[in-house]
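Inspection log for the structure reproduced underneath, given as structure tokens.
Note on naming: letters A, B, ... go to the chains in the order of the sequence lines (proteins, then strands), and numbering restarts at 1 for each one. All values reported here derive from a predicted model rather than from experimental measurement.
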Amino acid sequence: MPELPEVETVRRGLEALVLGAVIRRIALHRADLRRPMPLDLESRIVDQPITALRRRAKYLLLDTPAGTILSHLGMTGTWRVAEAERSHDHATLHLADGRRLVYRDPRRFGILDFVAPGAVSPDLADLGPEPLGNDFTPEHLRQVLAARRQAIKAVLLDQTVVSGVGNIYAQEACFRAGIRPQRPANRLRPAERERLVTEVRAVLAEAITAGGSTISDFRQAGGDAGYFQHTFTVYDRAGQSCRTCGGELKGATIAGRSTVWCPTCQR
DNA sequence: CTCCTATCCTGCGAGC
DNA sequence: TGCTCGCAGGATAGGA
């Protein structure tokens with residue numbers, strides 16, 4: 001679930017809660033996530049203040065003077081300032097003020113890693129432009145889509161094309177842009193590329209304003225649910241009626257992921 | 001290169 | 001109530 005808006009929501013929540021807090025020590029409970037956590041993370045970050053909370057694509061970065069903790073939430077990852085311990089808590093950051101900042105990920109598709117000061121993480125090296133930044137433009141799409149015959153929705157999921165879009169927002173953006181998700185990416189007309197850029201940005205921005213989307217277990221860092229899921233137009237609505245034209249929404253698998261669209265509103 | 005499939009893992013809802 | 005089955009937000013390796 002955690003796509004860009006959810007990660008940004010968590011970032012903002014953590015910023016309000018723990019910016020400036022001192023990490024007294026880190027305890028790793030289980031290191032075998034999508035790839036093994038570095039076991040020396042515990043020794044690298046000791047008595048370090050959290051100087052910034054950053055996001056790049058779907059990655060959340062906790063900066064300290066001794067280095068950066070890089071995290072990816074995968075499908076089910078969460079950061080929370082913990083009340084009680086829960087199953088699947090994989091790492092606990094014990095803060096000097098007595099609070100505990102916990103990384104939890106039941107499905108273990110996430111990542112927790114250490115990045116030395118000044119180093120560039122390989123995880124971030126090949127990411128495409130931030131969709132809400134200045135580099136995500138119709139011209140960028142034109143260049144990058146030219147050689148791609150794949151379905152446009154599949155291409156939007158490619159993090160080297162544009163970073164941070166996942167299965168939910170790719171579908172929502174296609175609907176808003178009036179483009180069928182299975183259209184070959186290199187066949188979009190200029191006006192459609194322009195519209196797609198506009199709508200990717202808009203849907204992500206609106207979702208951030210709504211505190212992200214809460215599906216199953218996503219929570220903001222303070223424990224609140226997001227509420228953008230109430231405004232989904234197509235995601236998980238196959239067989240239901242289109243909110244725009246009233247017609248029946250269709251569903252199919254594209255790029256191995258479930259996909260819903262409106263045959264009338266999307267061409 | 002591009003593109004497709006299988007895979008990692010746990011939890012949950014649907015259906016029986 | 002309890003079981004099995006299929007599917008889920010992501011990303012990558014391997015092969016065609």
**Message:** Does a side-chain N or O of A:R149 approach OP1 or OP2 of B:dT2 to a distance below 4.0 Å, or not?
**Reply:** no
**Message:** Ignoring hydrogens and geometry beyond distance, is a side-chain donor-acceptor pair present between A:S213 and A:Y169 at under 3.5 Å?
**Reply:** yes
**Item:** A:G166 backbone acceptor or donor facing A:E3 side chain under 3.5 Å
**Value:** yes
**Message:** Please check: side-chain N/O of A:Q266 versus main-chain N/O of A:C262, any donor-acceptor pairing under 3.5 Å?
**Reply:** yes
**Request:** Round to the nearest Å and state the distance from A:I254 atom CD1 to B:dC4 atom C1'.
**Result:** 14 Å
**Message:** Strictly below 4.0 Å: does A:Q150 bring a side-chain N or O up to OP1 or OP2 of B:dC3?
**Reply:** yes
**Item:** Protein-nucleotide distance (A:F109, atom CZ; C:dC7, atom C1'), rounded to Å
**Value:** 12 Å
**Message:** Under 3.5 Å for both donor-acceptor distances, Watson-Crick or wobble: does B:dC9 have a partner, and if so which one?
**Reply:** none
**Complete:** Separation of C:dG10 atom C1' from A:L73 atom CG, nearest Å, is 11 Å
**Request:** Between A:A151 and A:S87, name the one whose nearest nucleotide on DNA chain B is closer to the 5' end.
**Result:** A:A151
**Euclidean distance for P, B:dT5 against C:dC7 (whole angstrom)** = 15 Å
**Asked** Whole Å only: how far is the CZ atom of A:R107 from the P atom of B:dC9?
**Response** 11 Å
**Message:** Just the rounded figure in Å: distance from P of C:dC7 to CG of A:D236.
**Reply:** 13 Å
**Prompt:** Tell me: CD of A:E6 to C1' of C:dG10, nearest whole Å?
**Reply:** 13 Å
**Request:** May I ask you to decide if A:R44's main-chain N or O and A:D40's side chain share a donor-acceptor pair within less than 3.5 Å?
**Result:** no
**Request:** Send over the distance from A:H90 NE2 to B:dT10 P, rounded to a whole Å.
**Result:** 9 Å
**Prompt:** Do A:L95 and A:I23 have side-chain heavy atoms sitting under 4.5 Å apart?
**Reply:** yes
**Prompt:** In Å and rounded to the nearest 0.5 Å, what is the CD1 to CD1 distance from A:I50 to A:I69?
**Reply:** 7.0 Å
**Asked** Can you check whether A:R193 reaches A:P190 side chain to side chain, under 4.5 Å on heavy atoms?
**Response** yes
**Message:** Looking at A:T76, I'd like to know whether one of its side-chain N or O atoms comes within less than 4.0 Å of OP1 or OP2 on B:dC9.
**Reply:** no
**Message:** Rounding to an integer number of Å, can you tell me how far A:R30 CZ sits from B:dC8 C1'?
**Reply:** 12 Å
**Prompt:** Nucleotide by nucleotide, 5' to 3', does protein get under 4.0 Å of the base (B), only the sugar-phosphate (S), or neither (-) in nucleotides 11-16 of chain C, counting heavy atoms?
**Reply:** S-----
**Request:** Return no unless some side-chain N or O of A:H88 is found under 4.0 Å from OP1 or OP2 of B:dC9.
**Result:** no
